[in-house]
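In what follows, a structure is listed as structure tokens, so that the remarks can point back to it.
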Amino acid sequence: MTVESTAARKPRRSAGGKAGATGTGTETAAEATGAAAQATGTGAKRAPRTTRAAARKGTAEPQLVQLLTPEGKRVKNAEYDPYVADVTPDELRGLYRDMVLTRRFDAEATSLQRQGELGLWASLLGQEAAQIGSGRALRDDDYVFPTYREHGVAWCRGVDPANLLGMFRGVNNGGWDPNSNNFHLYTIVIGSQTLHATGYAMGVAKDGADSAVIAYFGDGASSQGDVAESFTFSAVYNAPVVFFCQNNQWAISEPTEKQTRVPLYQRAQGYGFPGVRVDGNDVLGCLAVTKWALERARRGEGPTLVEAYTYRMGAHTTSDDPTRYRHDDERAAWEAKDPILRLRRFLEASNHTDEGFFAELEAESEALGRRVREAVRSMPDPDHFAIFENVYADGHALVDEERAQFAAYQASFADAPEGGN
């Protein structure tokens, strides 16, 4: 069963104007610093780690694209407004619905893991705007290379949420056909999907196709050699690829400030293509910036690095305990900038919705949770001998020997006396 969203995909339009090479909008340095402070919740409270680090180095805060403030107020931006100028109230409600249902699915998956139904789960809590905004910027013929946390992007591509859970339950190696939705299987190896995306994009360019490729990765993966190699190849071969980095501040327990001396988006300059930092909790900002990056890729202008500045409000995975390495006040500061609450405030202030919409969505959310829970618990166990298939194209004597040993091991349980040790 495929779950669709009310935020319908539309044919792409030509942009009203070409974005600047730096992707920083028309903000002044002071305005950008203020926007960054607002997005990161500096205020009169203790500044976050990135601000403190910048102060120690004597550098200004990096510029930040933001179209929707944490209070739900629309910010004008001459450079990126054209990319969301045609978003209708119905599509805004669709974006809100996408984020709510994605969060509900994510919460259900976390609960299922705690109940022993899944072996592991990587939550996206707090990153809904970055994923839904960028996911809705894609055309159907674009191709996505995700990590293992892009549940919101999968939702935008029409992948049934229940299919995402098979791998984490150990019953399959992915659960969906990548070619059906142009959404590659989840990638566990950190950073390797950026190489896959670059190679695929180079092929797209050689085929002359009018489409783009997007690769998702986190701030931790930005320290991997695979990502650096992807940047080099994509720049030299002018590949139509967008590198979308969700900087959620923590690579498991390692903070971003211990991985880089400059903001991540500025790394693109050294490879010869533009980078831009967007407020990752602003769904409109993420939608606009990703549309801009995808369109320049389709025009043959090469790669772009988008850094979505967001926060992982939960654990890295369900095997992680974030209380061991970060403070509660840090999470509380980011909860005040919740991406879902931000868009709800805007919808209410703009009179684009009513309580009936929220009530219906709540009921739909609970129904999704029940469906996912039932689907997971009814997944059939895999064939124990499937692990020996497709290891070699023509078979192998050693694999045959191992299969026979495993069969004997399985048969030994049937021969054991009932109630024995």
Side-chain angles (χ1 to χ4, degrees), residues 1-8 92-133 135-136 146-172 174-176 181 183 186 246 248 281 283 310-320 322 331 335 338-344 347 353-381:
M1 177 179 179
T2 300
V3 179
E4 295 295 338
S5 169
T6 54
L92 286 172
R93 289 189 293 271
L95 292 170
Y96 182 82
R97 174 181 177 269
D98 288 340
M99 291 195 290
V100 168
L101 294 182
T102 298
R103 179 172 290 188
R104 180 64 182 86
F105 159 69
D106 181 68
E108 189 63 38
T110 300
S111 296
L112 286 166
Q113 194 283 328
R114 298 306 189 199
Q115 296 163 11
E117 301 290 349
L118 302 177
L120 189 73
W121 183 247
S123 173
L124 60 58
L125 184 62
Q127 299 178 220
E128 294 87 357
Q131 295 193 17
I132 297 302
R136 286 301 168 201
T147 65
Y148 46 79
R149 201 188 301 274
E150 271 65 65
H151 320 314
V153 185
W155 171 270
C156 292
R157 300 306 278 177
V159 177
D160 188 335
N163 285 344
L164 300 178
L165 301 177
M167 179 179 68
F168 294 96
R169 189 172 172 84
V171 301
N172 59 45
W176 65 89
N181 308 79
F183 185 79
Y186 274 3
Q246 294 173 84
N248 63 20
N281 285 20
V283 69
T310 182
Y311 190 75
R312 190 194 77 216
M313 290 200 286
H316 172 70
T317 68
T318 46
S319 65
D320 172 44
R331 170 172 169 147
E335 285 178 342
D338 184 283
I340 295 178
L341 179 59
R342 181 181 306 206
L343 183 55
R344 176 166 182 156
L347 289 171
T353 190
D354 54 30
E355 289 303 319
F357 167 77
F358 295 118
E360 291 177 6
L361 183 55
E362 178 65 23
E364 184 182 8
S365 175
E366 291 306 309
L368 175 63
R370 288 193 298 272
R371 183 177 74 79
V372 168
R373 184 164 58 252
E374 293 167 0
V376 167
R377 290 175 174 170
S378 62
M379 287 180 178
D381 291 335

Measure across [X] and [Y] and return the closest heavy-atom pair with its distance rounded to 0.1 Å.
X	Y	value
N163	G175	CG-O, 3.4 Å
P380	V171	O-CG1, 3.7 Å
L101	S365	CD2-CA, 3.5 Å
E128	P339	OE1-CG, 3.7 Å

Check for a donor-acceptor pair, side chain of [X] on one end and backbone N or O of [Y] on the other, with a separation under 3.5 Å.
X	Y	result
R169	V376	yes
R312	L125	no
R114	T318	yes
Q131	R149	yes
E360	F357	no
D106	L124	yes

Check R371 with D160, please: is the shortest side-chain N to carboxylate O separation under 4.0 Å?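 Salt bridge between D160 and R371, a charged N being under 4.0 Å from a carboxylate O: yes.
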Run the salt-bridge test on E374 and R370 with the 4.0 Å N-O cut-off and return the result as yes or no.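 Not counted as a salt bridge, because no side-chain N and carboxylate O are separated by less than 4.0 Å.
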For E108, give me all partners under side chain to side chain contact (heavy atoms under 4.5 Å, CB included), at least two apart in sequence or on another chain.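 Applying side chain to side chain contact (heavy atoms under 4.5 Å, CB included) to E108 gives R104, L112, V372, R373.
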Side chain to side chain contact (heavy atoms under 4.5 Å, CB included) involving S111 - partner list, sequence neighbours excluded: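 Once residues adjacent in sequence are excluded, the partners of S111 under the side chain to side chain contact (heavy atoms under 4.5 Å, CB included) criterion are Q115.
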Residue list, ring pair (Phe, Tyr, Trp, His ring centres under 6.0 Å) with Y186, at least two apart or on another chain: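 So Y186 forms a ring pair (Phe, Tyr, Trp, His ring centres under 6.0 Å) with H151, W176.
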